**Student:** 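One structure is given below, represented as structure tokens, and several questions about it will come after.
Sequence positions, counted from 1, serve as the residue numbers for this chain. Fair warning: this is a prediction, and the values are worked out from it, not measured in the lab.
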Amino acid sequence: MTIFPFTEATSIQFQQPLPKTSDVVIIGGGVIGVSTALFLARRNVSVTLLEKGRIAAEQSSRNWGWIRQQGRDADELPIVIEAQRLWRQLAQECGEDIGLKQTGVTYLARTDKEMAGFAKFLEIAQAHGVDTRLLDQGELASLIPAMSRPFKGAMITPSDMRAEPWVAVPALARLAAREGVTIIENCAARMLDISAGRISGVWTEKGHIATSSVVVASGAWTSLFLRAHGISIPQLSVRATVAATAPMPEIHAGAAADERIAFRRRQDGGYTLASGGSSQLYIGPDAFRHAGKYFSALMANPFGTRYLPAAPRGYPDGWSTPRRWNADEESPFERMRVLNPAPETSALRTIDRGFRELFPQFTTVPLKASWAGMIDAMPDVVPIVDRAAAIPGLVIATGMSGHGFGIGPGMGRILSDLIQGNETGHNLHRFRQSRFSDGSPIRLGPSL
Ligand SMILES: Cc1cc2nc3c(=O)[nH]c(=O)nc-3n(C[C@H](O)[C@H](O)[C@H](O)COP(=O)(O)OP(=O)(O)OC[C@H]3O[C@@H](n4cnc5c(N)ncnc54)[C@H](O)[C@@H]3O)c2cc1C
């Protein structure tokens, strides 16, 4: 059985030598980097994927495993619809069981206000032909009969899916490697090599690789990496805690959440649990720098985030984390191979209590594991997926804001086209880098 999530103790699976040259270099081996690499390899492009620690060891093995269309920003929805199709196709092509199942996603509402919010999303879903619908109390009771009944109703998207992230993303990486991608774990990208104003290579801890095209898909580290090259993006990362139960009787085959507790059936018969929208932000220099941009998000959910005075040593926005380094010296990326935050004790208590309140027949919740991940957040809760105007040859793909696993293959396919200068088939205006500097107001994505 795979031990999840991954840490530095996880064995290295990919250690090809660093090529001298590559058509495209991808920095970051999470679901976004891995998917991009795979689709590029399918276009006969030589691709090198650099991962400072282990494939999927950060967010991409720590997430809840929800692959959802439900509750998406209207501009993300067409991409996640494509991603759902790609997940089905890739699950076949992997030749491994990644736990992909179409068991639906359900949001539970305690208030009429929440039901009204669901109704708004319903219009977006219907416009895209997604099978989202509202459930009344009776329908919800038949969907999850064992659940206590404080709810007014729910919203469900039956075609939404789930998969086991710690299985799925390494399986995609193995598929990519079979299709020709050079994947190198334990290999941090230190600096971009920029000549005559455009990308000419990447300096890594294992040496130099020449390339004209780089995709930065570095999750919570992206802002630190880009800032060292003069590009400022208002990305922060927040800690979110997750727990896994041992196998237990099935109470629901899919994924469901209200604003207090989220649960999802796993392949091994346990449930992955989390406490809805609760997270912690470690205050660091970037938090001060970008605070103004987060005003709308703060107003929309004033109690959703707790603030902690300082990140542990070496974190991307740590007070003592270097902001500048040279290509021939150790960078912050190799100093922390895997961002592996401790789970928050009070969140674990909330999860335990919340689950027992929902399912009172369980007097104890048999937790077998807990962990946390640092979510790469953006002020408007949608990512940056764009060419960097300041550095030709560079594409930025980051800030998936807590929902990048499900959309990953769709973003990967898009990025494989974007980096080659092809039409992507989607309108990416919403995800442009310049929205944070061109005076555009912050347009908050859904917090559903
Ligand atoms: C607790 C939690 C629950 C979530 N639940 C869901 C969910 O149910 N559904 C969903 O769709 N999404 C969910 N998400 C979000 C999802 O996991 C992320 O959006 C997605 O995994 C982001 O993928 P990524 O490839 O952009 O980043 P990551 O997975 O974080 O990968 C970035 C990689 O880049 C590497 N890296 C960084 N800097 C360098 C460098 N300089 N050189 C080399 N490598 C570098 C890192 O080591 C890391 O492995 C959740 C996230 C968390 C934390």
**Student:** Only pairs at least two apart or in different chains count here, so list each side-chain hydrogen bond (donor to acceptor under 3.5 Å, both in side chains) that has a residue in residues 307-322.
**Tutor:**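 For residues 307-322, and leaving out neighbouring residues, the side-chain hydrogen bond (donor to acceptor under 3.5 Å, both in side chains) pairs sorted by first residue read Asp317-Arg323.
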**Student:** Using the test ring-ring contact (aromatic ring centres under 6.0 Å, His included), find all partners of Phe225 that sit at least two apart in sequence or belong to another chain.
**Tutor:**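 By the ring-ring contact (aromatic ring centres under 6.0 Å, His included) rule, Phe225 matches His229, Phe333.
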**Student:** Using the test side chain to side chain donor-acceptor pair (under 3.5 Å), find all partners of Thr103 that sit at least two apart in sequence or belong to another chain.
**Tutor:**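 With neighbours one apart ignored, the set is Arg162.
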**Student:** Please list, chain by chain and in numerical order, all residues satisfying salt bridge (charged side-chain N to carboxylate O under 4.0 Å, His left out) with Asp73, sequence neighbours excluded.
**Tutor:**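 Checked Asp73 against salt bridge (charged side-chain N to carboxylate O under 4.0 Å, His left out); matches are Arg430.
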**Student:** Just checking, is any N or O donor in the side chain of Gln69 or Ser159 under 3.5 Å from an acceptor N or O on the other one?
**Tutor:**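 Yes - a donor-acceptor pair under 3.5 Å links their side chains.
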**Student:** Quick one: list whatever passes side chain to side chain donor-acceptor pair (under 3.5 Å) with Gln267, sequence neighbours left out.
**Tutor:**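 Side chain to side chain donor-acceptor pair (under 3.5 Å) list for Gln267, sorted by chain: Asp97, Lys101.
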**Student:** Can you sort out the partners of Arg266 under side-chain contact (heavy atoms from CB on, under 4.5 Å), two or more places apart, ordered by chain and number?
**Tutor:**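 Applying side-chain contact (heavy atoms from CB on, under 4.5 Å) to Arg266 gives Phe4, Glu164, Trp166, Ala244, Arg264, Asp268, Thr272, Lys368.
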**Student:** Kindly indicate whether the side chain of Leu192, heavy atoms from C-beta on, has any atom under 4.5 Å from the side chain of Ile27.
**Tutor:**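 Of all side-chain heavy-atom pairs linking Ile27 with Leu192, at least one is under 4.5 Å.
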**Student:** Apply the test side-chain contact (heavy atoms from CB on, under 4.5 Å) to residues Gln102 and Arg88: give CA-CA distance (whole Å), side-chain angles for both, the deciding distance (0.1 Å), then the verdict.
**Tutor:** CA-CA 10 Å; Gln102 190 173 301; Arg88 280 190 213 98; 3.5 Å; yes
**Student:** Should Arg289 and Asp286 be marked as a salt bridge (charged side-chain N to carboxylate O under 4.0 Å, His left out) after you check the CA-CA gap, both sets of side-chain angles, and the distance that decides it?
**Tutor:** CA-CA 5 Å; Arg289 194 175 281 126; Asp286 285 349; 2.2 Å; yes
**Student:** Using side-chain heavy atoms (C-beta onward) and a distance below 4.5 Å, is Tyr282 in contact with Pro312?
**Tutor:**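 The answer is yes; the side chains approach within 4.5 Å.
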**Student:** Will you find, in the side chains of Gln15 and Asn186, an N or O donor that is under 3.5 Å from an N or O acceptor?
**Tutor:**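 Judged by distance alone, the side chains do not pair up.
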**Student:** What distance separates Arg227 CZ from Ile233 CD1, expressed to the nearest 0.5 Å?
**Tutor:**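 So the gap between those two atoms works out to 10.5 Å.
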**Student:** Taking salt bridge (charged side-chain N to carboxylate O under 4.0 Å, His left out) as the definition, give me every residue that meets it alongside Arg353, ordered by chain and number, with sequence neighbours left out.
**Tutor:**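 Partners of Arg353 by the salt bridge (charged side-chain N to carboxylate O under 4.0 Å, His left out) criterion come out as none, since no residue qualifies.
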**Student:** Within this structure, what is the CD1-CZ distance for the pair Ile407 and Arg68, rounded to the nearest 0.5 Å?
**Tutor:**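 That separation rounds to 9.5 Å.
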**Student:** Is the Trp371 to Phe6 ring centre distance short of 6.0 Å?
**Tutor:**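 No, they do not, as the ring centres are separated by 6.0 Å or more.
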**Student:** Please round to the nearest 0.5 Å and tell me the distance separating atom CG of Leu415 and atom CG of Leu428.
**Tutor:**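 Those atoms lie 8.5 Å apart.
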**Student:** Is Arg435 reaching over with its side chain to a backbone N or O of Arg432, donor-acceptor style, under 3.5 angstrom?
**Tutor:**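 Indeed, once roles are kept as given, a pair shorter than 3.5 Å links the two residues.
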**Student:** For the backbone of Ala327 and the side chain of Arg190, can you confirm whether one donor and one acceptor N or O come within less than 3.5 Å of each other?
**Tutor:**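 Present.
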**Student:** Output all residues satisfying ring-ring contact (aromatic ring centres under 6.0 Å, His included) with Phe359, sequence neighbours left out; order by chain, then residue number.
**Tutor:**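 If we apply the ring-ring contact (aromatic ring centres under 6.0 Å, His included) test to Phe359, skipping adjacent residues, the hits are Phe263, Phe355.
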**Student:** Within the structure provided, determine whether Ile251 and Met147 are in side-chain contact (heavy-atom separation under 4.5 Å).
**Tutor:**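 No; the side chains remain at least 4.5 Å from each other.
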**Student:** Any heavy-atom pair between the side chains of Gln280 and Pro341 that's under 4.5 Å?
**Tutor:**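 With C-beta onward as the side chain, the pair stays apart.
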**Student:** Are side-chain N/O atoms of Gln235 and Thr398 paired as donor and acceptor at under 3.5 Å?
**Tutor:**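 Yes, Thr398 and Gln235 have a side-chain donor paired with an acceptor closer than 3.5 Å.
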**Student:** Report the distance from atom CE of Met374 to atom CG of Leu339, rounding to the nearest 0.5 Å.
**Tutor:**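 If we round to the nearest 0.5 Å, Met374:CE and Leu339:CG are 6.0 Å apart.
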**Student:** Quick one: salt bridge (charged side-chain N to carboxylate O under 4.0 Å, His left out) partners of Asp386, sequence neighbours excluded?
**Tutor:**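 Checked Asp386 against salt bridge (charged side-chain N to carboxylate O under 4.0 Å, His left out); zero matches.
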**Student:** Applying side chain to side chain donor-acceptor pair (under 3.5 Å), can you list everything that pairs with Thr111, at least two apart in sequence or on another chain?
**Tutor:**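 For Thr111 the side chain to side chain donor-acceptor pair (under 3.5 Å) partners, ignoring immediate neighbours, are Glu114.
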**Student:** For the CZ atom of Arg174 and the CG atom of Leu38, what is their distance to the nearest 0.5 Å?
**Tutor:**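 Atom-to-atom, Arg174:CZ and Leu38:CG are 13.5 Å apart.
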**Student:** Looking only at side chains, do Ser275 and Thr350 share a donor and an acceptor under 3.5 Å apart?
**Tutor:**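 No, Thr350 and Ser275 have no side-chain donor paired with an acceptor closer than 3.5 Å.
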**Student:** Could you list the residues that satisfy side chain to side chain donor-acceptor pair (under 3.5 Å) with Ser331, not counting sequence neighbours?
**Tutor:**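 Ser331: side chain to side chain donor-acceptor pair (under 3.5 Å) contacts with Glu334.
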**Student:** Scan side-chain atoms only and decide if His403 and Glu76 contain a donor-acceptor pair under the 3.5 Å cut-off.
**Tutor:**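 Side-chain D/A pair, His403 to Glu76: present.
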**Student:** Arg133: which residues meet the salt bridge (charged side-chain N to carboxylate O under 4.0 Å, His left out) condition with it, sequence neighbours left out?
**Tutor:**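 Partners of Arg133 by the salt bridge (charged side-chain N to carboxylate O under 4.0 Å, His left out) criterion come out as none, since no residue qualifies.
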**Student:** Using the rule side chain to side chain donor-acceptor pair (under 3.5 Å), only one of Arg62, Glu8, Glu58 pairs with Asn340; which is it?
**Tutor:**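 Going through the options one by one, the only one that passes is Arg62.
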**Student:** What distance separates Leu236 CG from Leu281 CG, expressed to the nearest 0.5 Å?
**Tutor:**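 Answer for the CG-CG pair, Leu236 versus Leu281, is 5.5 Å.
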**Student:** Pair Phe14, Val181 - check side-chain contact (heavy atoms from CB on, under 4.5 Å), show working.
**Tutor:** CA-CA 10 Å; Phe14 303 94; Val181 176; over 6 Å; no
**Student:** Looking at Glu259 and Lys113, is there a salt bridge between them, counting it only when a charged N and a carboxylate O are closer than 4.0 Å?
**Tutor:**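 Between Glu259 and Lys113 there is no salt bridge, as every charged N stays at least 4.0 Å from the carboxylate O atoms.
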